[in-house]
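For reference, the structure is listed below as structure tokens.
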Amino acid sequence: MKKNKLKLYLVSQTENSDYDTYDSFVVACEDEDVARNINPQDGCVMTKKDWLNINPPDGCVMTKKDWLYLNSLWCSSPDHVTVTYLGIADASVKHGIVCSSFNAG
């Protein structure tokens, strides 16, 4: 039987709790650092530059307005993220967001 090396993490934030924001998600990934830097909107791992940048990263096809909106859905820094280890993912679970909590307005 194939063993999965992915771990499950609950990732949450309380900085941004307005309408149309994510408060948490569960992700299957390699470690806590990766989990802490995932953006719940698109599942991409953000770099330190991405967190601080008000402009889309090089090569990104988003407009500046879309990038700012995307960043407003989560918190402003990985320092505001809480990561809780849940356990080892089943071998059938693929890398990425398993489920998320979005507070629609």
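- Leu8 and Val11 fall into different hydrophobic clusters, defined by Ile, Leu, Val, Met, Phe, Trp and Tyr side-chain heavy atoms under 4.5 Å apart, directly or through other members.
- Leu10 is listed as a side-chain neighbour of Ser24, based on a closest heavy-atom distance under 4.5 Å.
- By the 30° and 60° cut-offs, the orientation of the rings of Trp74 relative to Phe25 is tilted.
- The SG atom of Cys75 sits 4.5 Å away from atom CD of Gln13, with the distance rounded to the nearest 0.5 Å.
- Not counting sequence neighbours, Thr14 has no partner by the side-chain contact (heavy atoms from CB on, under 4.5 Å) test.
- Considering only heavy atoms from C-beta on, Asp18 stays 4.5 Å or farther from Asp20 through its side chain.
- Here the closest heavy-atom approach between residue Ala35 and residue Val83 is recorded as CB-CG1, 4.1 Å.
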Check residues 94-105 and write down every donor-acceptor pair under 3.5 Å in which the side-chain atom is one partner and the other belongs to a residue at least two apart or another chain.
{"unit_1": "His95", "atom_1": "NE2", "unit_2": "Glu30", "atom_2": "OE1", "d": "3.3"}
{"unit_1": "His95", "atom_1": "NE2", "unit_2": "Glu30", "atom_2": "OE2", "d": "3.3"}
{"unit_1": "Ser101", "atom_1": "OG", "unit_2": "Asp23", "atom_2": "OD1", "d": "3.2"}
{"unit_1": "Ser101", "atom_1": "OG", "unit_2": "Asp23", "atom_2": "OD2", "d": "3.1"}
{"unit_1": "Asn103", "atom_1": "ND2", "unit_2": "Thr21", "atom_2": "O", "d": "3.3"}
{"unit_1": "Asn103", "atom_1": "ND2", "unit_2": "Asp23", "atom_2": "OD2", "d": "3.0"}

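- Annotation: salt bridge (Lys or Arg N to Asp or Glu O under 4.0 Å) contacts of Glu32 (sequence neighbours excluded): Arg36.
- In this structure Val45 satisfies the side-chain contact (heavy atoms from CB on, under 4.5 Å) test together with Val34, Asn37, Ile38, sequence neighbours excluded.
- To the nearest 0.5 Å, atom OH of residue Tyr19 and atom CG of residue Asn16 are 13.5 Å apart.
- Not counting sequence neighbours, the partners of Asp90 by the side-chain contact (heavy atoms from CB on, under 4.5 Å) test are Ser92, Val93.
- Side-chain atoms of Glu15 come within 3.5 Å of backbone N or O of Ser76 as a donor-acceptor pair.
- Residues that satisfy the side-chain contact (heavy atoms from CB on, under 4.5 Å) test with Ile88, not counting sequence neighbours, are Lys7, Tyr85.
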